[in-house]
Trainee: 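Here's a structure for you.
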Number of protein chains: 2
Amino acid sequence: MIPRTLNDYISVDCVIFGYNDNELQVLLVERTLTNESTKEIEFTDLTLTGNHIYEDETIEDAAYRVLFDRTGLDNVYLEQFKAFAHPDRLKKDKDRKWLIHDGRDPDKRIISIGFFSLISTRDIIVESKCGIAKWIPLSEIGELAFDHNQIVDEALKALRNKIKHEPIGFELLPEKFTLTELQNVYEVVLGTELDKRNFRKKIGRMKYLIPLDEKQKGVAHKPARLYMFSRDVYEKTKKEMFDFTV
Amino acid sequence: MIPRTLNDYISVDCVIFGYNDNELQVLLVERTLTNESTKEIEFTDLTLTGNHIYEDETIEDAAYRVLFDRTGLDNVYLEQFKAFAHPDRLKKDKDRKWLIHDGRDPDKRIISIGFFSLISTRDIIVESKCGIAKWIPLSEIGELAFDHNQIVDEALKALRNKIKHEPIGFELLPEKFTLTELQNVYEVVLGTELDKRNFRKKIGRMKYLIPLDEKQKGVAHKPARLYMFSRDVYEKTKKEMFDFTV
DNA sequence: CACACTTAGTGTATTTTTTACACATACCAA
DNA sequence: TTGGTATGTGTAAAAAATACACTAAGTGTG
């Protein structure tokens, strides 16, 4: 196999959002620092999923590749939201020997192109070939490696902004979902409470939300009707949408 | 002066939008190709305003610097919208010797971080130290250098999207403007006609639009009242705004 | 099998926003 | 004085947003 060339100082980093336990969660990877002589673990850390970009792929290709290597998932919602480049990008790592280390010169800085992805937490196999990944609730994220805290913050801003104007809440749910689940996603992402009746009245107008002849199973209460999102209907109707603020 | 180091394969490119003659315009720079022996001009070309990023500045710093070097303007609206990296980025330039040439290896590709800027065309001195810049109406942009057509397209998309949800139309106008001018900006950017009375009713609700005790001068008709945008009022009231689409 | 528990699902009245639409006004110039 | 031109304004009807509370349909338990 011919080795692909890559640019050492550009990478994509992906903030993978999931929804679980009524919270927005982020999939993070454990990075391990070992003592060189004793071989004992000295320190662990959490990072976003990221990697270099090969010279023969577009930025989006690289992001899909990175996401696939991490989650085994294809065809998921992925969006580029911002590029980052802090001069002190790697400073705090200078003297450390990480087991999972990207081998870059810590004196040079990295340009990181930030993506966020929305996936249904049910879909994902969390253990992959490249280290252990964990779902961490947004509220419990501590200090991450590199400038990843800032990237997560900006990703959340971008997500909030996007979800206000485009129907992407579904992406955090399984294919079939109930209206209560959908409402919860919006509440969690936006950090607001929404009125159940008004929420339903509003989405009732959206043609792309398809009610199914199927109900929730295995719940100890009245089972809710299931719904699906129709991308086709959405693409057709979105041209009609037009709202603007002066 | 100590030379600053830079990364040769990352640049910022800025799509500078202006509004004039009831059209959206883009400020483009002429690039000149000369015949090496005869010294005659063989070919000219238009490019966006762009440059490398120094190792000691953030991406935003670089973009402001580039914009300042081109326009002499500071404190203008500038927004990062997308990063670009096409493997064939420089292919079509391979055999050419450009007068204004960035000296990069045309076999390697460049990652370009795209910004768009909104400025009032009245503010700008079009001739600067780095080549001749021209305002070109969006509708008359032909084939640009590199992948700059794609960058302009995406910038326009980003601008349209942004102007629908945030009050940035003012940025294309002088500090004091009439409501008709503002309406025209929206019509031109969004490519729609808007009803005058409804437009005024709508912005009448926006507190950040401050009517002045001043009128247009030198027009051969009833002079219109002038208005200003108040960033302060906007920052205060925008927290109250909340709209979302399911 | 009846009762308790839990979440699903629904309607109405009020206010606000959107939409469609036409004419008098103020200034300049000839 | 008059003609030209862009400004500035109101209303009625439809649609959307908001605030608000009870019945329905299942499961599990005694």
Side-chain angles (χ1 to χ4, degrees), chain A residues 19 21-22 163-165 167 169 173-174 176-188 190 192-228 237-238 240-246, chain B residues 19-22 164-165 167 173-174 176-188 190 192-228 237-246:
Chain A
Y19 164 78
D21 300 326
N22 256 3
I163 207 174
K164 280 183 200 167
H165 309 296
L173 293 172
K176 298 170 184 183
F177 50 84
T178 70
L179 295 185
T180 303
E181 285 168 337
L182 186 60
Q183 185 180 335
N184 276 331
V185 165
Y186 279 86
E187 290 179 333
V188 163
L190 294 170
T192 332
E193 296 228 319
L194 300 172
D195 178 85
K196 202 205 314 192
R197 278 180 288 190
N198 294 339
F199 181 84
R200 283 160 190 247
K201 207 183 300 174
K202 188 164 182 171
I203 59 180
R205 268 179 255 129
M206 308 299 157
K207 308 275 175 59
Y208 48 74
L209 193 62
I210 315 291
L212 304 174
D213 286 328
E214 222 177 312
K215 304 209 159 180
Q216 233 179 355
K217 272 175 192 152
V219 288
H221 54 78
K222 177 173 176 179
R225 162 169 244 144
L226 296 175
Y227 288 77
M228 271 186 63
T237 57
K238 78 172 168 183
E240 301 160 21
M241 288 189 219
F242 181 78
D243 69 324
F244 82 97
T245 310
V246 183
Chain B
Y19 165 77
N20 231 338
D21 300 326
N22 256 3
K164 280 183 201 167
H165 309 297
L173 293 172
K176 299 171 182 182
F177 50 85
T178 69
L179 295 185
T180 303
E181 286 168 337
L182 187 60
Q183 184 181 335
N184 277 332
V185 164
Y186 278 87
E187 289 180 334
V188 163
L190 294 171
T192 333
E193 295 229 320
L194 300 172
D195 179 85
K196 202 203 316 192
R197 279 180 287 192
N198 294 338
F199 181 83
R200 284 160 189 247
K201 206 183 299 172
K202 188 163 182 170
I203 60 179
R205 269 179 251 127
M206 307 299 157
K207 308 278 175 56
Y208 48 73
L209 193 61
I210 315 291
L212 303 174
D213 287 329
E214 222 175 312
K215 303 208 160 179
Q216 234 180 353
K217 272 172 193 154
V219 286
H221 55 77
K222 177 173 177 179
R225 163 170 245 145
L226 296 174
Y227 288 77
M228 273 186 63
T237 55
K238 78 171 170 184
K239 285 157 212 153
E240 300 159 22
M241 290 187 218
F242 181 78
D243 71 322
F244 81 97
T245 310
V246 181

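None of these values were measured; they are calculated from a predicted model. Sequence lines set the chain letters: A, B, ... in the order given, protein chains first and strands last, and positions in each chain run from 1.
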Trainee: Just do the side chain to side chain contact (heavy atoms under 4.5 Å, CB included) check on B:L179 and B:L209 with the steps written out, would you?
Mentor: CA-CA 10 Å; B:L179 295 185; B:L209 193 61; 3.9 Å; yes

Trainee: Could you check how far NZ of B:K217 sits from P of C:dC28, rounded to whole Å?
Mentor: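 Result: 11 Å.
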
Trainee: Could you state the atom-to-atom distance from CD of A:E193 to C1' of D:dC20 in whole Å?
Mentor: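 Atom CD in A:E193 sits about 15 Å away from atom C1' in D:dC20.
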
Trainee: Could I get the full list of ring pair (Phe, Tyr, Trp, His ring centres under 6.0 Å) partners for A:Y19, not counting sequence neighbours?
Mentor: none

Trainee: B:Q216: what forms a side chain to side chain donor-acceptor pair (under 3.5 Å) with it, not counting sequence neighbours?
Mentor: none

Trainee: Please state how far atom CG in A:L194 lies from atom P in D:dC20, giving the value in whole angstrom units.
Mentor: 15 Å

Trainee: Quickly work out the B:R205 CZ to C:dT16 P distance and round it to whole Å.
Mentor: 11 Å

Trainee: I need a per-nucleotide contact map over nucleotides 4-14 of chain D, read 5' to 3'. Cutoff is protein heavy atoms under 4.0 Å; write B for the base, S for backbone only, - otherwise.
Mentor: BBSBBBBB---

Trainee: For residues 208-220 of chain B, which residue pairs qualify under salt bridge (charged side-chain N to carboxylate O under 4.0 Å, His left out), counting only residues two or more places apart or in two chains?
Mentor: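 Listed by first then second residue: B:K176-B:E214, B:D213-B:R225.
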
Trainee: Please enumerate all residues that pass ring pair (Phe, Tyr, Trp, His ring centres under 6.0 Å) together with A:F199, with sequence neighbours excluded.
Mentor: none

Trainee: Quick check: A:Y186 with B:F244 (ring centres under 6.0 Å apart)?
Mentor: yes

Trainee: What is the separation between atom CZ on B:F199 and atom P on C:dT19, rounded to the nearest whole Å?
Mentor: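 Distance check: B:F199 CZ to C:dT19 P gives 14 Å.
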
Trainee: Using whole Å, what does the distance between atom C1' of nucleotide D:dG26 and atom CG of A:L226 come to?
Mentor: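 Checked: the CG to C1' distance equals 14 Å.
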
